[in-house]
Amino acid sequence: DEIGDAAKKLGDASYSFAKEVDWNNGIFLQAPGKFQPLKALKAIDKMIEMGAAADPKLLKEAAEAHHKAIGSISGPNGVTSRADWDAVNAALGRVVASVPKAKVMAVYDSVKDITDPKVPAYMKSLVNGPDAEKAYQAFLEFKDVVAKNQVTTASAPAVVPSGDKIGVAAKALSDASYPFIKDIDWLSDIYLKPLPGKTAPETLKAIDKMIVMGAKMDGNLLKAAAEAHHKAIGSIDAKGVTSAADYEAVNAALGRLVASVPKSTVMDVYNSMAGIVDSTVTNNMFSKVNPLDAIAAAKGFYTFKDVVEASQ
Ligand code: DGD
Ligand code: CLA
Ligand code: PID
Ligand code: PID
Ligand code: PID
Ligand code: PID
Ligand code: PID
């Protein structure tokens with residue numbers, strides 16, 4: 001297709017730049033300017049809306065392309081192969097073309113809003129300047145091909161299941177865990193801190209398992225889960241806490257999503273995360289909330305999971 005061909009040209013002009021970027025740099029975990037959690041949540045919300053509007057089949061292919069690209073990483077900077085670099089660009093270009101232009105620009109504008117204007121120049125200073133300019137020039141040509149192939153209306157909203165066992169169980173889970181949710185400091189910057197003692201390549205392995213799980217999920221249920229998060233963000237209070245009803249809808253949506261993939265795929269995520277999250281992290285989280293609320297939430301979760309497993 002045209003976007004695939006354009007991605008090859010983009011690769012010709014941008015792979016040198018890709019090789020110069022230190023993909024393992026911890027700086028990418030930092031806020032790109034002043035830490036502004038509520039504004040950042042707004043930017044994430046725009047990405048969620050764009051993801052919910054995208055063609056689920058193309059999202060799945062983009063996830064598969066990323067998984068493949070992680071497999072061909074080499075060198076100290078963590079760069080993927082030339083072929084996989086092109087494949088990721090092509091897949092993302094097709095995702096972008098599957099949503100109306102305004103949804104993409106809403107992401108751009110909201111991310112711009114939390115990004116210090118000095119960030120681009122600083123990033124450029126870490127690589128060979130002319131290579132960055134060449135890559136940007138090629139991106140501008142690529143985007144014209146994407147725009148030419150872009151839809152003008154969003155895909156249909158998800159079909160949300162109702163009256164299922166997971167929905168009923170999600171109410172019990174949410175009743176048991178909403179007090180815990182209200183105890184958590186959602187506006188803290190602790191969630192941006194690197195995991196103690198873990199390197200980027202180690203963390204990437206766990207992310208890869210999540211990508212694999214995402215690629216196997218039912219596309220309609222993933223879209224429904226994204227829509228539920230978007231609605232939940234719309235009802236947050238000043239401390240970032242969503243309403244009880246929207247929290248319940250998120251739990252129901254995520255339970256159905258988990259049930260749409262094999263148990264072993266979920267356990268691969270859990271086991272790889274358990275390998276990088278040590279007990280100092282979970283104990284620290286626990287120390288900041290009411291312990292009785294956390295224990296009640298945990299009981300609720302371990303009951304809920306049996307219902308999910310039975311539908312899996
Ligand atoms: C936890 C889990 C929450 C940990 C929160 C930190 C996660 C940080 C993730 C960082 C991700 C970095 C990438 C993000 C993206 C960056 C992009 C650039 O507190 C365990 C041990 C292992 C815990 C770590 C693994 C967590 C995996 C969670 C899934 C991954 C989700 C993905 C996250 C990322 C993004 C999502 C989009 O399981 O867990 C606490 C448990 O710790 C406590 O241990 C459990 C035992 O495993 C269990 O066997 C049992 O003993 C239990 O139960 C206690 O404790 C007992 C009874 O048996 C129960 O019936 C009940 O009564 C209970 O007591 C009541 O207390
Ligand atoms: Mg979510 C999970 C935040 C958007 C899909 N997400 C998580 C949690 C964290 C979070 C609270 C990971 C850390 C953790 O396990 O803490 N997400 C979060 C924010 C946003 C967002 C702030 C921004 C809008 N997510 C989002 C979107 C999607 C997802 C758009 C795609 C539709 N998210 C998604 C999945 C999962 C998460 C599939 C998880 O599996 C993971 C999670 O919650 O795992 C348990 C602990 C969790 C909480 C504090 C909240 C849940 C409370 C439960 C139901 C009860 C508590 C149990 C116990 C006390 C602690 C957990 C024990 C553990 C072993 C399971
Ligand atoms: C400017 C000035 C003009 C010239 C110009 C110009 C530049 C415009 C630009 C630009 C626009 C632009 C846009 C970019 C957009 C990037 C969007 C990224 C989206 C990320 C998402 C992430 C996610 C997910 C995902 C799916 C999940 C949801 C999420 C589901 C269903 C200024 C040059 C024209 C770069 C969507 C993918 C996992 C949130 O206009 O004179 O330069 O760049 O998890 O969805 O699960
Ligand atoms: C524009 C203007 C509007 C019209 C429009 C428009 C276009 C927007 C577009 C577009 C946005 C867009 C984005 C693309 C992004 C591509 C990103 C590629 C990333 C590749 C990576 C590869 C890799 C890896 C990996 C992880 C490793 C690092 C690597 C570690 C730690 C402008 C059309 C709406 C194409 C990250 C995955 C293995 C490098 O808005 O008027 O057209 O395209 O190895 O991580 O090692
Ligand atoms: C233990 C001991 C026994 C008792 C027990 C026990 C506990 C086991 C547990 C547990 C398992 C477990 C699993 C959990 C799994 C969470 C998985 C989260 C996945 C997140 C993903 C994120 C993503 C995306 C997304 C889609 C994108 C890709 C991504 C596309 C196509 C220890 C109690 C049985 C919590 C997939 C969603 C946006 C990466 O066994 O005695 O306690 O928890 O962006 O894909 O866009
Ligand atoms: C298990 C054991 C196997 C069988 C199995 C199994 C099950 C795994 C499961 C499962 C995993 C799972 C995960 C669930 C996670 C739910 C997470 C809910 C999060 C809700 C949030 C709501 C909110 C917001 C929001 C953003 C705001 C904060 C809030 C800020 C900054 C165990 C079946 C495989 C259900 C985050 C979105 C508005 C609070 O593996 O044997 O069954 O379920 O307002 O952010 O303000
Ligand atoms: C213990 C012992 C067992 C019993 C038990 C127990 C307790 C475990 C606990 C607990 C785990 C736990 C985890 C919590 C996790 C909260 C995760 C919140 C994530 C929030 C995010 C917010 C954000 C943003 C956002 C984007 C911004 C950055 C942020 C930028 C660029 C010990 C009870 C099971 C509470 C990700 C989205 C706005 C950070 O296990 O016997 O009690 O709690 O602002 O992006 O700025």
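Worth saying up front: this structure is predicted, and the values here are computed from it rather than measured. Indexing begins at 1, ligand by ligand and atom by atom, following the structure's order. FYI, side chains are in, hydrogens and waters are out, and symmetry mates aren't considered; it's all heavy atoms of this structure.
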*Per atom 31 (C) of ligand 2, closest listed option by heavy atom (H229, M273, M217, K299)*: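 The option holding the nearest heavy atom is H229.
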*Report the member of L254, V289, V266 with the shortest heavy-atom distance to atom 37 (C) of ligand 2.*
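Going through L254, V289, V266 one by one, L254 has the nearest heavy atom to atom 37 (C) of ligand 2.
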*So which heavy atom in the protein is nearest atom 16 (C) of ligand 5, and how far is it from that ligand atom?*
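Going by distance alone, atom 16 (C) of ligand 5 is nearest to V269 CG1, 4.3 Å.
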Proximal ligand 2 atoms for [X], defined as those under 4.0 Å from one of its heavy atoms:
| X | value |
| --- | --- |
| I184 | 49 (C) |
| A226 | 32 (C) |
| Y247 | 52 (C), 54 (C) |
| F180 | 49 (C), 56 (C), 59 (C) |
| A294 | 59 (C) |
| I233 | 24 (C) |
| I48 | 24 (C), 30 (C) |

*Is there a protein heavy atom at a distance of less than 4.0 Å from atom 65 (C) of ligand 2?*
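So atom 65 (C) of ligand 2 has protein heavy-atom neighbours under 4.0 Å.
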*Side chains of D84 and S72, donor plus acceptor under 3.5 Å*: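 Yes.
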*asked:* So is M273 touching ligand 5 or not, going by heavy atoms under 4.0 Å?
replied: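 M273: no contact with ligand 5 (<4.0 Å).
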